[in-house]
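Working notes for the structure below.
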Number of protein chains: 2
Amino acid sequence: MGVTLKQLAASLDLSPTTVSRALNGFPEVNAKTRARVMAAALKANYHPNTRAKSLATGRAQAIGHVIPASTSHEIVNPVFADFIAGAGESYARAGYEMVLRITPDDQEENAYRDLLARGSIDGIILHGPRVQDARVAMLAEMGVPFLVHGRTSGVNAPYSWLDINNQRSFARATQFLLDFDHRRIALINGIEGMDFAQRRRQGYLQALAAAGIAPDPLLMRQSEMTEPYGYRAAQEMMQLPDPPTAFIASSMIVAYGLRRGLTDLGLKLGRDVSVIAHDDELSYLPNYGDVPTFTATRSSVREAGRRAARMLLRLVDDPDCGPLTELMETALILGASTGPAPR
Amino acid sequence: MGVTLKQLAASLDLSPTTVSRALNGFPEVNAKTRARVMAAALKANYHPNTRAKSLATGRAQAIGHVIPASTSHEIVNPVFADFIAGAGESYARAGYEMVLRITPDDQEENAYRDLLARGSIDGIILHGPRVQDARVAMLAEMGVPFLVHGRTSGVNAPYSWLDINNQRSFARATQFLLDFDHRRIALINGIEGMDFAQRRRQGYLQALAAAGIAPDPLLMRQSEMTEPYGYRAAQEMMQLPDPPTAFIASSMIVAYGLRRGLTDLGLKLGRDVSVIAHDDELSYLPNYGDVPTFTATRSSVREAGRRAARMLLRLVDDPDCGPLTELMETALILGASTGPAPR
DNA sequence: GCACTTGCTCAAAGCGCTTTGAAGGCAGCG
DNA sequence: CGCTGCCTTCAAAGCGCTTTGAGCAAGTGC
């Protein structure tokens, strides 16, 4: 344990009051005194005890992230890690701590209540929102500042969120393929019920509708986004009487699986069949180069984490600064995996 | 904010002392009183304020994880997320909080010192140890209980760690291939300097040596474990005058890349060329089925997280319970990606 | 009957900080 | 000279909890 305020004060022959004020920038401290205090604090490597401080101020100086993680493994995923990393950067900069709570998914509500009742956090980030997610109302009712990473369709009450424009993003991707004369476009989506998956499908359907193309249920799948899932989707769909000429994948990993499934069938991406992936810019799933491997809808999930955290901190600072929302657009980047529909 | 101990005590017509003791299981409380208190606490949804509690006890009831994450992205990786998830389970069970600090990697030491001086944590998990990692000595010197996920070669002083038997694991994998008459075996490793990478290479070299085979530098690579890295390794090595007949990959992602590189060359895994991967059992990189896709050295990193956390908690509880160490063996599981060397 | 446990409960101090209310010193003013 | 008001500093209370030391009533043994 480090030096305490009292000790520091004693060593300076000052009262704790004055030292505290000097360090916290209160105006009623003599400039000379303040300088002395600052110097001594630095020298003694003084850091105020967070617990004591927050007990006194009533603010935890910490943000909670609750990760339900027993049966559904959907959230403990690569995307999550990068988001957390981004958020953590913002917290660190603001002097906030990040508290992570892993919980069986039937106990998620408890986790929030517990964290709150214990006074361990000032705000919450809600992960992996589903369609009509009841957790939003729950958190609102608890009266704690919170921000959703994503959105939840079907919830009317206002709440703060940061999301990417999934619908527009996938509409554009679909449109792009349509422009290349693709008419049979498959959507390999994330698991049903996740809000992002629904929005992506909407974008996809919207673009199809605008082109006067009836969606084919045989070309739409939703499941957990693994590589084998992509592989099977490719293999099975290409067996259809009227197979797709293009695929849109909800993640890079799925796109990897698609590519394998397709090349195993002797098809070349960008020539025989087209693939567009959603790219969260995860460092170990790179999609760069002069011509990226995959044409992709791209958006940094890490940057999303950074921004979401900053927004939440504003909310914590001033709970009345109203529901804050941000919709990040994605970039459609051209890679080697797309081309005109073969005929 | 929830109910306080004082309020609860008042409502029961008892002193805070008694209520505190009743709740914390001290023996000197009348059984009837305790029951009353328990019931009331439950009803009022009482949760002791963590900050007050830890201020009073001097224990933070929290464990810190510091993630350096600016330039080197090696740690914000999929493996990390699963380890954290496992550790979080153990913490939650023990009533501990998990504090995550993301920091520029030249500031990692500061992060530890700060966390400690502020009294925010009781223990630390050290991630991603490198060969001769100076952080171990640093933490030891700070006098905080800590546990390393992995080990650090070249550090003599004892410290607590949990690791998988990387050396044996890769020696076995290599041996397995040797038994299949492979003589040209490539090692596609993680980045140089990471301790796990060094141990894996040692295991590989050891098996080769035992078989009287001189290692070929052309067959050994180390880099960040991405899919394209695996792809390039496969493509380039197969161009060699004397190409490998088998590959060992340090991660599933790399193995994906290898597979693509090899199949692109028209080679069939398990027949024309063999691949063994290290499988951390990440949920979105599944390698299961009747016959798993890849022959693999398998070990759940999530389980490692669980155990590491438990060990650290023991250490926090009793700092003198000595350096705790655990070496987890991996399983060599037979999949479809290996077979006898072609001749 | 007394001294002495034993069992249960409480008042109060203290953890390290912030913050309120008060006070000392000094200049400016009439 | 005395009063006011400003600048600077401080003592003390309080945040919600644990824990020490004391106290009180009932039970035990002589």
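Small disclaimer: the values here were computed from a predicted structure and weren't measured. Letters go in sequence order (proteins before strands), and every chain restarts at 1.
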Over all strands shown, is A/T33 touching base, sugar-phosphate only, or nothing at heavy-atom distances under 4.0 angstrom? sugar-phosphate

Between A/T18 and A/S15, does a side-chain hydrogen bond (donor to acceptor under 3.5 Å, both in side chains) hold up when you go through it step by step? CA-CA 5 Å; A/T18 305; A/S15 75; 3.2 Å; yes

Listed nucleotide nearest any side-chain atom of B/N49, set C/dT18, D/dT9, D/dC17: D/dC17

Do A/T17 and C/dT19 share a donor-acceptor pair, side chain to base, under 3.5 Å? yes

Between A/P16 and B/P16, which residue's closest nucleotide on DNA chain C lies nearer the 5′ terminus? B/P16

Out of D/dG16, C/dT9, D/dG14, whichever nucleotide has its closest atom nearest the side chain of A/A56: D/dG14

When you compare the side chains of A/D195 and A/S153, does any donor N or O come within less than 3.5 Å of an acceptor on the partner? yes

Under 6.0 Å between the ring centres of A/F80 and A/H65? no

Mind checking B/T57 for me? I need base, sugar-phosphate or nothing, with any heavy atom below 4.0 Å counting as a touch. sugar-phosphate

Determine the minimum heavy-atom distance between B/G128 and B/R135, stating which atoms define it. O-NH2, 3.1 Å

Return the value, rounded to whole Å, for the distance between atom CZ of A/R59 and atom P of C/dG16. 23 Å

Quick check: on DNA chain C, is the nucleotide nearest A/K53 upstream (toward 5') of the one nearest B/A31, or the reverse? Name the residue that is more 5'. B/A31

